[in-house]
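Ligands are counted one by one from 1 in listed order, and the atoms in each one are counted from 1 as well. One is the number of the first residue; the rest follow in order along the sequence. What you see below is based on every heavy atom in this structure, not just the backbone, and it leaves out hydrogens, waters and symmetry mates.
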Amino acid sequence: MSPPRGARNALFPGSFDPFTNGHLDLAQRALALFDRVVIAVAHNSAKTALFTPEERVAMIEESVRGLRGVTVMQFTGLLVECAEKVKAAVIIRGLRAVSDFEFEFQMALMNRRLAPGIEIAFLMPSQEFTYLNSTLVKEVARHGGRVRGLVPPGVERRLKERLAPSRHTRGQAR
Ligand code: PNS
């Protein structure tokens, strides 16, 4: 569905494997600034993910159900082409710490070169999420640690379903 004429649309892309409360925090912040926020799940066949793009989209849709103006999609190929497709003039990325900056800066400048009309805006999540990332969440869940409060409830449930069997078989391979 094409966005309403004149609406300010932002694209919030990422791997979201899985979507965390830090991502949710950023989506809410973006929604306070834009009329419509499109969360775009990157489908990168070269990268091994725990969840399929379809599963990630479903989890995010469930997590943002109460947020009017947020939609979720998956994309392949270049991010700027996805932004053009959904008529987003701004791409949102999160900056948690200085360590994020170098990669984000390179990516932003490359995207600007590819599509000079698209701006990249960096948002900071709440302080409580500055240490949070999807890789850490998976690592904790894989070892049976508590991820409640770090991810939306539906993501927590799916992490348990996906990773719990490996806990039960732990030690059996000896
Ligand atoms: O959550 P991530 O893994 O940091 O997200 C990275 C993502 C998906 C935004 C980035 O890898 C991306 O834009 N991929 C699409 C391909 C592309 O446009 N690459 C050139 C970016 S300079």
Centroid-centroid under 6.0 Å between Phe16 and His23 rings: yes
Working for salt bridge (Lys or Arg N to Asp or Glu O under 4.0 Å), residues Arg65 and Glu61: CA-CA 6 Å; Arg65 196 158 284 155; Glu61 276 174 343; over 6 Å; no
Derivation of the salt bridge (Lys or Arg N to Asp or Glu O under 4.0 Å) call for Arg157 and Glu161: CA-CA 6 Å; Arg157 195 187 67 245; Glu161 286 166 6; 3.7 Å; yes
Sequence neighbours excluded - side-chain hydrogen bond (donor to acceptor under 3.5 Å, both in side chains) pairs with any residue from residues 92-107: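 Those involving residues 92-107 are Arg93-Glu104, Arg96-Asp100.
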Cluster overlap Leu136 with Leu50, hydrophobic side-chain contacts below 4.5 Å: no
In one Ile/Leu/Val/Met/Phe/Trp/Tyr side-chain cluster, 4.5 Å: Met110, Val80: yes
Within the 4.0 Å heavy-atom sphere of ligand 1, strictly under, residues: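 Correct list: Gly14, Ser15, Ala42, Lys47, Phe75, Gly77, Leu78, Leu79, Arg93, Met107, Met110, Asn111.
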